**Student:** 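Supplied in structure tokens, the structure appears directly below.
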Amino acid sequence: MLDLKTIREHTESVKEGIRSKGEDPARIDEILTLDEKRRQLVQHSESLKSRKNTVSADVAALKAKKEDATALIEDMRAVADEIKTIDTELARTEEMLRAVLLTIPNIPHPSVPIGRGPAENKVIAEWGDDTPTDSALRPHWELMEKLKIIDFARGTKITGAGFPVYVGKGARLERALINFFLDEAGRRGYTELLPPLMVNAASATGTGQLPDKEDQMYVVTRDEFYLVPTAEVPVTNFLRDEIIREKDLPVKFCAYTPCFRREAGSYGKDVRGLNRVHQFNKVELVRLVHPRHSYDDLEEMRGDAESLLRTLGLRYRVLLMCTGDLGFTQAKKYDLEVWSPGQQKWLEVSSISNFESFQARRLNIRFRPEGGKTEMVHTLNGSALALPRVMAALLERNQTPEGKVVVPAPLHRYTGFEIIG
RNA sequence: GGAGGGUUCGCCUAAUGGUAUGGCAGCAGUCUUGAAAACUGCCGUCCCGCAAGGGACGUGGGGGUUCAAGUCCCUCACCCUCCGCCA
């Protein structure tokens with residue numbers, strides 16, 4: 001949610017930002033009209049209330065002296081009615097205003113390249129090298145089937161397509177990666193949370209999944225809960241409606257959760273093996289920071305995620321996403337893509353974003369500067385990392401000609417074995 | 001799922017339907033070589049304003065009765081106790 005004051009005072013640049021995301025800025029005018037109306041109603045209502053409060057105090061004083069107050073009370077009856085009418089109109093106006101505001105996307109940071117889609121994202125860094133081309137290089141789905149470490153067929157039987165079962169050393173390797181990622185985040189100062197896997201509507205609205213991304217989440221209708229599509233939702237909501245002391249900033253959280261995604265509308269595209277599944281594991285980083293240096297934090301978080309890929313020895317590249325490829329809530333975003341040698345293509349394993357105050361305003365998370373007025377924090381998050389595609393790349397890159405898989409050395413203490421097969 | 005009790009500032013606590021009290025903690029200051037103590041001020045949120053200041057809201061959420069609601073009524077959420085069920 002954007003700041004009304006900003007919309008009011010910098011209307012043109014806000015519109016420009018929305019246009020650069022490929023959306024229609026017309027609703028901004030609608031907001032300005034509603035806001036104007038709202039402010040008039042507030043002013044009118046508050047002045048009547050002020051009068052009412054004064055007179056009510058007079059009534060109390062008269063009654064205390066056992067004197068007659070019926071004339072005042074008669075007057076106030078009409079005023080009370082008028083206030084009720086205005087407040088009803090005000091509530092309606094504010095509701096409409098909020099409804100429109102919730103559909104306005106965040107505006108991009110000036111450093112974000114203008115563009116319409118994936119083709120205009122910029123590759124800004126690459127690390128590692130390709131494995132030697134080998135005609136026998138198998139994609140991960142062949143390896144996992146041969147080694148019996150990930151079972152899609154039985155997952156489909158138990159639940160449905162896209163719900164893999166990790167088996168034996170596969171399960172152990174998955175758990176090793178989770179623990180490795182969490183330990184690294186802990187070393188870098190992130191406090192670990194193990195949050196609920198279902199959230200209520202208020203939480204999903206706070207981080208921007210509702211109202212318009214509802215069809216991407218699994219819904220428990222009976223209790224009105226949503227299965228988390230990412231740990232970002234419960235973790236960022238941890239401090240919802242709270243005011244943080246400035247000296248407690250920055251707040252840094254990491255969390256492992258399974259993530260549940262319906263992936264509606266993506267059937268048939270890149271869904272082979274672990275490329276796209278409905279339930280997967282992920283370790284997420286979240287920061288709540290002082291607005292002054294949130295872009296430094298963004299770079300730091302990118303470093304946090306990159307170091308994991310380096311330690312695992314996986315080839316990857318960093319993309320700076322263009323305006324058209326930014327999500328609804330994001331002001332600036334990097335994607336990390338790992339190289340899949342068995343498929344000969346790049347796979348997204350991390351997305352690191354700065355939301356500035358956009359989420360904080362929805363979530364009402366503020367801090368109090370030394371001796372000043374409360375201010376919205378900036379929120380950031382980043383995957384470090386999403387596991388399935390890391391698993392895919394890791395299996396493919398470390399396979400032997402016989403179809404075994406060598407476990408990277410940094411994981412040995414977590415797996416307890418060095419080779420699969 | 002059933003019955004009962006509860007929710008007031010970060011914590012504790014007061015308020016015959018008459019406009020939210022006091023303490024602790026915290027922050028700033030006075031005093032002090034320093035600290036403690038003592039004392040003074042600040043100490044829920046928001047809006048308008050450069051400021052001085054002014055105003056509104058605020059007793060778990062929402063609604064109602066009333067000139068006026070922490071207080072009365074309805075409703076929802078959460079917490080506690082007991083019963084039932086249960087890993």
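Treat the numbers as computed from the prediction; the structure is a model and nothing was measured. Numbers restart at 1 for each chain; the letters A, B, ... are given by sequence-line order, proteins then strands.
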**Student:** So, is A:Ser45 close to the B:A56 phosphate, meaning a side-chain N or O under 4.0 Å from OP1 or OP2?
**Tutor:**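 The answer is no; no side-chain N or O of A:Ser45 sits under 4.0 Å from OP1 or OP2.
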**Student:** Go ahead and name the base partner of B:A87; Watson-Crick or wobble counts if both distances stay under 3.5 Å, otherwise write none.
**Tutor:**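 By the stated definition (distances under 3.5 Å), nothing pairs with B:A87.
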**Student:** B:A56 phosphate, OP1 or OP2: any side-chain N/O from A:Asn53 under 4.0 angstrom?
**Tutor:**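 Indeed, a polar side-chain atom of A:Asn53 lies that close.
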**Student:** With respect to the side chain of A:Lys63, which nucleotide from B:G49, B:G18, B:C46 is positioned closest?
**Tutor:**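 Of the candidates, B:G18 comes closest.
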**Student:** Just how far, in rounded Å, is C1' of B:G63 from CG of A:Asp87?
**Tutor:**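 Rounded to whole Å, this separation is 14 Å.
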**Student:** Looking at B:G70, which nucleotide sits across from it as a Watson-Crick or G-U wobble partner, both distances under 3.5 angstrom, or is there none?
**Tutor:**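 Its partner: none found.
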**Student:** Might you point out which heavy atoms bring A:Leu288 and A:Ile244 nearest each other, and give the distance in Å?
**Tutor:**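 Smallest heavy-atom distance, with atoms named: CD1-CD1, 4.1 Å.
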**Student:** Separation of A:Ile83 atom CD1 from B:C67 atom P, in whole Å?
**Tutor:**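 Roughly 12 Å, once rounded to whole Å.
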**Student:** For nucleotides B:U71 and B:C57, find the distance between their P atoms and express it as a whole number of Å.
**Tutor:**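 Comparing P positions in B:U71 and B:C57 gives a spacing of 16 Å.
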**Student:** Angle class for the A:Tyr295/A:His109 ring planes (parallel below 30°, perpendicular above 60°, tilted otherwise)?
**Tutor:**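 Geometry flag for A:His109 against A:Tyr295: tilted rings.
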**Student:** For A:Arg366 and A:Lys84, take the nucleotide of RNA chain B holding the closest heavy atom to each; which residue's nucleotide lies nearer the 5' end?
**Tutor:**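 In this pair, the answer is A:Arg366.
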**Student:** Using atom P of each nucleotide, how far apart are B:G1 and B:U8 to the nearest Å?
**Tutor:**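 So the two P atoms sit 25 Å from each other.
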**Student:** Distance check needed: B:U66 P versus A:Glu82 CD, whole Å only.
**Tutor:**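 So the two atoms are 17 Å apart, to the nearest Å.
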**Student:** Expressed in whole Å, how much space separates the P atoms belonging to B:A35 and B:U30?
**Tutor:**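 That atom pair is separated by 11 Å.
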**Student:** Given the C1' atoms of B:A69 and B:U19, what is the spacing between them in whole Å?
**Tutor:**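 One C1' to the other, the span is 10 Å.
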**Student:** B:G4 pairs with which nucleotide, Watson-Crick or G-U wobble, both distances below 3.5 Å?
**Tutor:**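 By the stated definition (distances under 3.5 Å), B:C80 pairs with B:G4.
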**Student:** Starting at atom CG of A:Asp3, determine the distance to atom P of B:C46, rounded to an integer number of angstrom.
**Tutor:**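 Checked: the CG to P distance equals 13 Å.
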**Student:** Using the C1' atom in both, what is the distance from B:U81 to B:C72, to the nearest Å?
**Tutor:**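 Per the computed distance, 27 Å lies between those C1' atoms.
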**Student:** Just checking, any donor-acceptor pair under 3.5 angstrom between side chains of A:Ser307 and A:Arg188?
**Tutor:**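 Yes.
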**Student:** Can a side chain N or O of A:Lys247 be found less than 4.0 Å away from OP1 or OP2 on B:G26?
**Tutor:**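 No, no such contact exists.
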**Student:** Are A:Gln359 and A:Thr207 close enough that a side-chain donor and a side-chain acceptor fall under 3.5 Å?
**Tutor:**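 Checked: A:Gln359/A:Thr207 side chains show no N/O donor-acceptor pair below 3.5 Å.
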**Student:** Using a cut-off of strictly less than 4.0 Å, decide whether A:Arg245 has a side-chain nitrogen or oxygen near OP1 or OP2 of B:C43.
**Tutor:**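 So the side-chain polar atoms of A:Arg245 never come under 4.0 Å of the phosphate oxygens OP1 or OP2 of B:C43.
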**Student:** Tell me which nucleotide, if any, is Watson-Crick or G-U wobble paired with B:G53 when both distances must be under 3.5 Å.
**Tutor:**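 Its partner is B:C48 (Watson-Crick or G-U wobble, both distances under 3.5 Å).
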**Student:** Out of B:G49, B:C48, B:A56, which has the shortest distance to the side chain of A:Glu46?
**Tutor:**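 It is B:A56.
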**Student:** Can you tell me, in whole Å, how much space there is between the C1' of B:C12 and that of B:G64?
**Tutor:**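 Roughly 33 Å separates the two C1' atoms.
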**Student:** Under a plain distance cut-off of 3.5 Å, with no hydrogens placed, do A:Glu396 and A:His140 share a side-chain donor-acceptor pair?
**Tutor:**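 On atom types as modelled, these side chains qualify, holding a pair under 3.5 Å.
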**Student:** Looking only at the side chains, is there a donor atom on one of A:Gln399 and A:Arg138 sitting less than 3.5 Å from an acceptor on the other?
**Tutor:**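 Yes, A:Arg138 and A:Gln399 have a side-chain donor paired with an acceptor closer than 3.5 Å.
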**Student:** At under 4.0 Å between heavy atoms, what does A:Val55 touch on the DNA or RNA strands: base, sugar-phosphate, or nothing?
**Tutor:**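 No contact at all - A:Val55 keeps every heavy atom at 4.0 Å or more from the nucleic acid.
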**Student:** Starting at the 5' end of RNA chain B and moving along, which residue's nearest nucleotide shows up first, A:Arg77 or A:Lys5?
**Tutor:**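 Residue closer to the 5' terminus by nearest nucleotide: A:Lys5.
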**Student:** When the C1' atoms of B:U59 and B:U13 are compared, how many Å lie between them, rounded to an integer?
**Tutor:**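 So the two C1' atoms sit 13 Å from each other.
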**Student:** When you measure from the side chain of A:Ala60, which nucleotide among B:U19, B:U45, B:U65 comes out closest?
**Tutor:**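 Nearest to the side chain of A:Ala60 among the choices is B:U19.
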**Student:** At less than 4.0 Å, is any side-chain N or O atom of A:Asn200 found next to OP1 or OP2 of B:A77? Yes or no.
**Tutor:**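 For B:A77, neither OP1 nor OP2 has a side-chain N or O of A:Asn200 closer than 4.0 Å.
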**Student:** Tell me which nucleotide, if any, is Watson-Crick or G-U wobble paired with B:C42 when both distances must be under 3.5 Å.
**Tutor:**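 WC or wobble partner is B:G26.
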**Student:** Is the shortest side-chain N/O distance from A:Ser56 to OP1 or OP2 of B:C67 below 4.0 Å?
**Tutor:**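 Negative; the distance criterion is not met.
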**Student:** Using whole Å, what does the distance between atom P of nucleotide B:U19 and atom CZ of A:Arg51 come to?
**Tutor:**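 After rounding, the reported distance stands at 21 Å.
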**Student:** What is the distance, rounded to the nearest whole Å, between atom CD1 of A:Ile243 and atom C1' of B:C46?
**Tutor:**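 Value for this atom pair: 11 Å.
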**Student:** Under 3.5 Å, is there a donor-acceptor pair between the A:Asn281 and A:Glu174 side chains?
**Tutor:**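 Present: a donor and an acceptor within the cut-off.
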**Student:** Taking the minimum atom-to-atom distance to the side chain of A:Arg368, which one of B:A56, B:C67, B:U45 wins?
**Tutor:**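 Of B:A56, B:C67, B:U45, B:U45 is nearest to the side chain of A:Arg368.
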**Student:** Roughly, in whole Å, what's the span from CG in A:Asn364 to C1' in B:U45?
**Tutor:**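 Nearest whole value for this atom pair: 10 Å.
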**Student:** Hey, are A:Asp35 and A:Arg8 close enough for a salt bridge, meaning a charged N less than 4.0 Å from a carboxylate O?
**Tutor:**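 Counted as a salt bridge, because a side-chain N and a carboxylate O are separated by less than 4.0 Å.
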**Student:** Counting heavy atoms from C-beta on, name the nucleotide in B:C48, B:G18, B:C67 closest to the side chain of A:Ala80.
**Tutor:**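 Out of B:C48, B:G18, B:C67, the nucleotide with an atom closest to A:Ala80's side chain is B:C67.
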**Student:** With C1' as the reference atom in both, quote the distance from B:G4 to B:G84 in angstrom, rounded to an integer.
**Tutor:**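 Those two atoms are separated by 15 Å.
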**Student:** Could you tell me the separation between the CZ atom of A:Arg39 and the C1' atom of B:C47, rounded to a whole number of Å?
**Tutor:**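 Roughly 11 Å, once rounded to whole Å.
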